[in-house]
Amino acid sequence: MNKVVTRFAPSPTGYLHAGNYRSAVFCYLFAKKMGGSFILRIEDTDRARSKKEYEENILDALSWLGLKHDHFYRQSEQGPRHEELLRKLVAEDRAYISKETPSKEGGRTEVVRFRNPGEKITFTDSIRGAITFDTQELGDFVIGRSLSEPLYHFGVVVDDMDEGVTHVIRGEDHIPNTPRQILIQRALGAPTPVYAHLPLVLGADRSKLSKRLNAKAMTEYRDLGFIPEAMLNYLALLGWHPEGEQELFSLSALIDAFNLSRIQKAAGIFDEVKLRWFNKEHLRSLSDEEYAQRLMRFLESAGVSSPAYLSRATPILKERAETLLEARGLIESGECAFLEERVPYPEAVLLQGAKASAEEVARNLKKVLELLGGVSKTDWSAANIKNTIFSYATEVGKSTVLWPLRVALTGKERSPDPFIASELLGPEETLSRIRKALEELPQ
RNA sequence: GGCCCUAUCGUCUAAUGGUUAGGACGGCGCCCUCUCACGGCGUAAAUCGGGGUUCGAAUCCCCGUAGGGUCACCA
């Protein structure tokens with residue numbers, strides 16, 4: 001069997017949405033699973049609508065997702081080849097120059113039409129099985145505006161042939177295009193690739209994903225603080241399911257598990273809520289260092305400066321934010337500011353949740369100070385701190401110890417627990433803030 | 001409208017003739033807990049309808065119905 005070659009062939013006439021990239025994901029996974037190669041082909045034969053900006057966005061999104069192409073083509077650069085084959089078809093009378101009365105603005109008086117033999121075409125779709133069309137009703141469709149201006153169907157067939165594409169994996173909306181393309185293949189003597197038409201990705205309202213109405217550009221998700229691992233994982237599982245119940249996959253695990261036979265036939269809805277779950281999970285599986293790095297880059301690209309305490313805040317952020325944007329929100333709202341400097345608080349807050357007198361709280365904080373003094377600086381971890389304090393706290397009433405301790409450290413009614421706060425603050429700062437709290441209490 | 005595709009909890013899906021129809025997200029409830037968050041446990045929730053075939057149908061066939069796609073000198 002020939003080496004597998006798949007291609008993702010978007011046209012740069014707008015920002016691509018999740019459905020488009022889901023096709024790219026499947027093409028990529030299948031090619032890599034089979035040890036084959038993955039082609040990126042920009043279909044820019046419509047010079048009027050194609051824009052460099054959109055092409056760059058596609059490249060940007062694909063590289064963000066980690067889908068590296070093995071070959072890159074720009075359809076507009078195949079002009080001479082397309083013209084050569086278009087002329088060949090005309091010479092063989094499989095196509096002809098047709099006189100037209102332009103039906104709309106800018107219409108030509110001459111176009112190239114395919115001489116349609118009008119036979120029934122049956123092809124086997126790897127996802128849906130046999131599909132039959134009667135191509136009679138297609139008529140002699142147009143394949144070129146002129147001999148030097150090929151149209152979509154012709155360009156696709158020539159390029160797939162020349163690039164050695166063996167598997168065409170694309171959206172279901174291309175099913176009706178397939179018989180025309182097979183007709184052109186036969187006229188050209190080109191092989192017919194294996195077709196796999198993917199179910200569509202729908203918006204929350206069950207309508208087709210549309211850039212204007214309900215779909216974000218892929219790069220917008222990056223700006224919203226989603227990480228590529230999560231997006232890739234989510235996209236792969238939208239319309240495909242591996243054996244077993246595992247849901248969290250890395251790119252290489254996806255390649256390993258992927259196959260065409262477990263692809264869904266029915267359309268699926270793009271659900272941002274589930275995407276958020278994947279994002280949270282993948283964010284958590286990052287090391288603290290990696291997490292801090294990504295968040296720093298995220299803040300930088302948004303023009304926000306990273307606070308000095310950012311890397312220490314990671315454990316807190318990981319627990320509380322599902323996206324990098326939420327992490328940014330926590331930083332900006334001062335959620336972790338206590339790591340930077342002591343946050344002042346009214347005395348009432350210190351006592352509020354303790355439900356105890358100032359004298360009792362002072363006594364407890366002194367005791368905590370004494371206990372913590374016995375913890376070695378090299379063993380200064382949340383677990384050790386908890387062990388050290390907990391039995392005393394339990395004995396005298398947890399809320400009378402832990403609440404004021406936590407407020408002394410974080411200055412807030414609601415915050416991370418005092419153990420993790422102590423760890424992140426370090427021994428000197430922790431002890432100093434407890435002393436400070438004691439000074440402010442009536443003796 | 002013609003042609004084509006599809007149909008399991010709200011959503012993503014498992015079960016390829018025999019299961020109390022399973023899992024995940026979300027929802028709800030309980031627990032954990034000094035607060036907030038995290039987490040743990042539990043729970044409600046589905047085979048579009050009607051006919052066949054079969055001892056037996058979510059699964060196979062037919063007919064409906066519903067949804068979607070497509071019918072360009074766009075891709």
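On a predicted model such as this, the values are computed, not experimentally measured, just so you know. Atoms considered below: every heavy atom in the structure, side chains included; atoms not considered: hydrogens, waters and symmetry mates. Reminder, nothing fancy here: chain letters follow the sequence lines and each chain counts from 1.
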Can you figure out which of [options] approaches the side chain of [X] most closely?
X      : options             : answer
A:R284 : B:C38, B:U70, B:C74 : B:C38
A:I175 : B:C12, B:C5, B:C36  : B:C5
A:Y152 : B:C5, B:C3, B:A75   : B:A75
A:P176 : B:A75, B:U35, B:G69 : B:G69
A:E319 : B:C38, B:A7, B:C34  : B:C38
A:D173 : B:G69, B:A14, B:G39 : B:G69
A:R262 : B:A15, B:U70, B:A75 : B:A15
A:I269 : B:G69, B:A75, B:C12 : B:C12
A:W403 : B:U13, B:A75, B:C34 : B:C34

Enumerate all atom pairs, one protein N or O and one N or O from nucleotides 26-33 of chain B, separated by less than 3.5 Å.
none

Can you tell me the Watson-Crick or wobble partner of [N], both distances under 3.5 angstrom?
N     : result
B:U11 : B:A24
B:A37 : none
B:A66 : B:U6
B:G18 : B:C55
B:C74 : none

Quote, to the nearest angstrom, the [atom1] distance that separates [N] from [M].
N     : M     : atom1 : result
B:C34 : B:G29 : C1'   : 24 Å
B:G64 : B:A7  : C1'   : 14 Å
B:C55 : B:C12 : C1'   : 36 Å
B:U47 : B:C31 : C1'   : 34 Å
B:C5  : B:A57 : C1'   : 24 Å
B:G27 : B:U11 : P     : 16 Å
B:A46 : B:A58 : C1'   : 10 Å
B:C61 : B:U6  : P     : 11 Å

Test: [X] and [Y] ion pair at under 4.0 Å:
X      : Y      : result
A:D288 : A:K318 : yes
A:R87  : A:E83  : yes
A:E84  : A:K88  : no
A:R113 : A:E100 : yes

Every protein N/O within reach of nucleotides 20-23 of chain B N/O, cut-off under 3.5 Å:
from: B:G23; atom 1: O4'; to: A:E245; atom 2: OE2; distance (Å): 3.2

Side chains of residues 135-148 of chain A: which donor-acceptor pairs under 3.5 Å do they make with residues two or more places apart or in other chains?
from: A:T135; atom 1: OG1; to: A:E119; atom 2: N; distance (Å): 3.2
from: A:T135; atom 1: OG1; to: A:E119; atom 2: O; distance (Å): 2.5
from: A:D140; atom 1: OD1; to: A:N116; atom 2: N; distance (Å): 2.9
from: A:D140; atom 1: OD2; to: A:Y96; atom 2: OH; distance (Å): 2.7
from: A:S146; atom 1: OG; to: A:S148; atom 2: N; distance (Å): 3.3
from: A:S146; atom 1: OG; to: A:S148; atom 2: OG; distance (Å): 3.4
from: A:S146; atom 1: OG; to: A:E149; atom 2: N; distance (Å): 3.3
from: A:S146; atom 1: OG; to: A:E149; atom 2: OE1; distance (Å): 2.8

Under 4.0 Å between any heavy atoms, over every strand shown, what does A:E100 touch: base, sugar-phosphate, or nothing? Just pick one. base

Touch class at under 4.0 angstrom, heavy-atom based, for A:N177 against every strand present: base

Rounded to the nearest angstrom, tell me the gap between atom [atom1] in [X] and atom [atom2] in [N].
X      : N     : atom1 : atom2 : result
A:Q352 : B:C34 : CD    : P     : 16 Å
A:E360 : B:C34 : CD    : P     : 16 Å
A:Q264 : B:U13 : CD    : P     : 5 Å
A:R320 : B:U35 : CZ    : P     : 13 Å
A:D134 : B:C4  : CG    : P     : 9 Å
A:R276 : B:U11 : CZ    : P     : 20 Å
A:L365 : B:C34 : CG    : P     : 16 Å
A:H153 : B:A72 : NE2   : P     : 10 Å

Neighbours of RNA chain B within residues 46-57 of chain A, by heavy-atom distance under 4.0 Å: A:D46, A:R49

Just list the side-chain donor-acceptor pairs under 3.5 Å for residues 344-352 of chain A, sequence neighbours left out, or say none.
from: A:Y345; atom 1: OH; to: A:R342; atom 2: NH2; distance (Å): 3.3
from: A:Q352; atom 1: NE2; to: A:E413; atom 2: OE1; distance (Å): 3.2

If you take the centroid of each ring, where Trp contributes its six-membered ring, are A:F338 and A:Y309 closer together than 6.0 Å? no

Can you name the side-chain contact (heavy atoms from CB on, under 4.5 Å) partners of [X], sequence neighbours left out?
X      : result
A:F133 : A:F123, A:I131, A:I175, A:P179
A:K99  : A:E110
A:A393 : A:I389, A:K398, A:V401, A:L402
A:L431 : A:L369, A:L372, A:R435

Does some side-chain heavy atom of A:N177 sit less than 4.5 Å from a side-chain heavy atom of A:H153? yes

Residues in ring pair (Phe, Tyr, Trp, His ring centres under 6.0 Å) with A:F38, at least two apart? A:Y28

Ring pair (Phe, Tyr, Trp, His ring centres under 6.0 Å) with A:F26: which residues, sequence neighbours excluded? A:F258

According to the side chain to side chain donor-acceptor pair (under 3.5 Å) rule, which pairs have a member within residues 236-248 of chain A, sequence neighbours left out? A:E247-A:K274

